[in-house]
Asks: 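This is the structure, below, for whatever I ask next.
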There are 2 protein chains.
Amino acid sequence: MAVTDEAIEKIKGMIVSGALRPGDRLPKESELAAGLGLSRNSLREAVRALSLIRILDVRQGDGTYVTSLDPQLLLEALSFVVDFHRDDTVLEFLAVRRILEPAATAMAAVRISEQQLDALTAQLDRLGESPSVEDLVACDLEFHRGIVHSSGNSVLCSLLDGLSGPTTRARVWRGLTQEDAVARTLREHRAILAALRDRDAEAARSWATVHIASVEQWLRSSL
Amino acid sequence: MAVTDEAIEKIKGMIVSGALRPGDRLPKESELAAGLGLSRNSLREAVRALSLIRILDVRQGDGTYVTSLDPQLLLEALSFVVDFHRDDTVLEFLAVRRILEPAATAMAAVRISEQQLDALTAQLDRLGESPSVEDLVACDLEFHRGIVHSSGNSVLCSLLDGLSGPTTRARVWRGLTQEDAVARTLREHRAILAALRDRDAEAARSWATVHIASVEQWLRSSL
DNA sequence: ATGACCTGATACGTCGGAGGTCTTGAGCGC
DNA sequence: GCGCTCAAGACCTCCGACGTATCAGGTCAT
């Protein structure tokens, strides 16, 4: 195994074992390199790799720190990976979302706060009747993010966030090619919100399923 | 933005845009570095980072290649990230698994082949009545992997694979501390398998839910 | 002719050192 | 007390050199 890979493993080990805790500062590059028995150049490769996946946070002029290691932060790296998938796997991502999102929406139905409900309502009102496609998609993303956040499971939240990336582009196409997509989306959002307000988990789950299934159906027929 | 980060983005761009396709070979380090306008050292940091998350495959003495970019391969990186999570987020991972696994099992019920069913049966038979805890956990992992694989969704498959890491350790503790855990696990596996053989998606889903919920319940009470 | 073996070219792996740039905080003047 | 200056510390980038692994092609014995 290459020295750089060893260094990655060792740093990982220090974090997992608790020797380095979230927010801790690493020794400076030259010291750490000496400590791990490799050159500064090779160590930098290891640090850079861990920094890409948000394990380490490197600040020029300051030092290198262990991140908070929050699921939210770490799963951000997922979206980077997801970006590499071609269109032929979008359907598979969507299928996973179709499983997770209804479940998250149902969970949110029993946990979401009144303030959050009001905020979501205000957001939908602000969008108006016939928004631009870009606004709609952005709002759509925000809407679902808000709901999933209320599920109370940060892993679930981050996972859906990462998975939503590839389907976002698809939704833009849809808005451009399907006439009633805008009105339909708005209608379904209202329905989901109403179900949440009623604390009706099953209705919320069903509307979320319908919502995603409609995107999936369109995508499947147009590929 | 640092030159290394630029390089990462540029290489990513070359792949996403299709200029570099899966299996393609990159120019040698010195040429690529010159092409991207940075030093070989800095480029190596970019390549190393992309190699950690399985975007690139570097072979000493040969060259650097774009990987297959299979979801399975790319989501392997997920397990690396998941390893960093402490025990207090295991419950959240388990909650996500509780959503995905029953759905995957239900999907498998209508798609799994007879050969696969026979293989799973043989695997359970081979384990015997009172296996060691390690054997049981390994077998458990393999059992679920086989079923999820039959769901036909490779993204779902890889995701569950990555998510199962942190709960594996938990299951080992469980086997060590809870007397009837072994027998119970075996019983539930048989039930899931029977449901799959009956092509009964709902029964399969329910048994999978029960199976995971029992782990979750024990874990929740023991933390 | 075929196979194993050797060898050179090629490309990645590692290293040490030299400047450059950014952040931080102490010290100074208003 | 407040704001500014400046020097120290730490990361950023680069260069050039050498080590090591892989592969292709030629050589030689069978």
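Proteins come first, then strands; the chains are lettered A, B, ... in the order of their sequence lines, and each starts at number 1.
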Asks: Can a salt bridge be assigned to the pair A/E142 and A/R145 using a cut-off of 4.0 Å between side-chain N and carboxylate O?
Replies: yes
Asks: Please state whether the phosphate of D/dC14, meaning OP1 or OP2, lies under 4.0 angstrom from any side-chain nitrogen or oxygen of B/S42.
Replies: yes
Asks: Fit a plane to each ring of A/F143 and A/H189, take the angle between them on a 0 to 90° scale, and name the class: parallel (under 30°), tilted (30 to 60°) or perpendicular (over 60°).
Replies: parallel
Asks: What is the separation between atom CZ on B/R25 and atom C1' on D/dC23, rounded to the nearest whole Å?
Replies: 10 Å
Asks: Could you give the CZ-to-C1' distance, from B/R40 to C/dA11, as a whole number of Å?
Replies: 8 Å
Asks: Look at the side chain of B/E29 and decide which nucleotide, out of C/dG13, C/dT23, D/dC11, has an atom nearest to it.
Replies: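 Nucleotide nearest to B/E29's side chain: C/dG13.
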Asks: Between B/T64 and C/dA11, is there a side-chain N or O to OP1/OP2 distance below 4.0 Å?
Replies: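 Checking C/dA11 against B/T64, no side-chain N or O comes under 4.0 Å of OP1 or OP2.
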Asks: Is B/N41 touching bases, backbone alone, or none of the nucleic acid, heavy atoms closer than 4.0 Å?
Replies: base
Asks: Nearest whole Å is fine: how far is D/dC14 C1' from B/E6 CD?
Replies: 15 Å
Asks: In whole Å, what is the span from the CD atom of B/E31 to the P atom of C/dT10?
Replies: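 Rounded to whole Å, this separation is 11 Å.
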Asks: What are the two closest non-hydrogen atoms of B/G162 and B/S79, and how far apart are they?
Replies: CA-CB, 4.2 Å
Asks: Could you tell me whether B/R48 and A/D5 have a side-chain N and a carboxylate O separated by less than 4.0 Å?
Replies: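 Counted as a salt bridge, because a side-chain N and a carboxylate O are separated by less than 4.0 Å.
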Asks: Taking only N and O in the side chain of B/R48, is any of them less than 4.0 Å away from OP1 or OP2 of C/dT14?
Replies: yes
Asks: What integer distance in Å separates A/L43:CG from C/dG13:P?
Replies: 16 Å
Asks: Taking the minimum atom-to-atom distance to the side chain of B/D62, which one of D/dT22, C/dG13, D/dT13 wins?
Replies: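 For B/D62, the side-chain atoms sit closest to D/dT22.
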Asks: Which comes earlier along DNA chain C counting from the 5' end, the contact point of A/M1 or that of A/R59, where each point is its nearest nucleotide?
Replies: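 Its nearest nucleotide being more 5', the pick is A/M1.
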Asks: What integer distance in Å separates A/L26:CG from D/dG9:C1'?
Replies: 16 Å
Asks: Looking only at side-chain N and O atoms, does B/T4 come under 4.0 Å of OP1 or OP2 in D/dC12?
Replies: no
Asks: Taking A/R197 first and then A/D118, would you say they form a salt bridge - that is, a charged N and a carboxylate O separated by under 4.0 Å?
Replies: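 Yes, charged N to carboxylate O under 4.0 Å.
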Asks: Picking from C/dG13, C/dT14, D/dC15, which would you name as closest to the side chain of B/S39?
Replies: D/dC15
Asks: NZ of B/K28 versus P of D/dC23: gap in Å, rounded?
Replies: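 Interatomic distance, NZ of B/K28 to P of D/dC23: 17 Å.
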Asks: Rounded to the Å, how far apart are B/Q60 CD and C/dT10 C1'?
Replies: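 Rounding to the nearest Å, CD of B/Q60 and C1' of C/dT10 are 12 Å apart.
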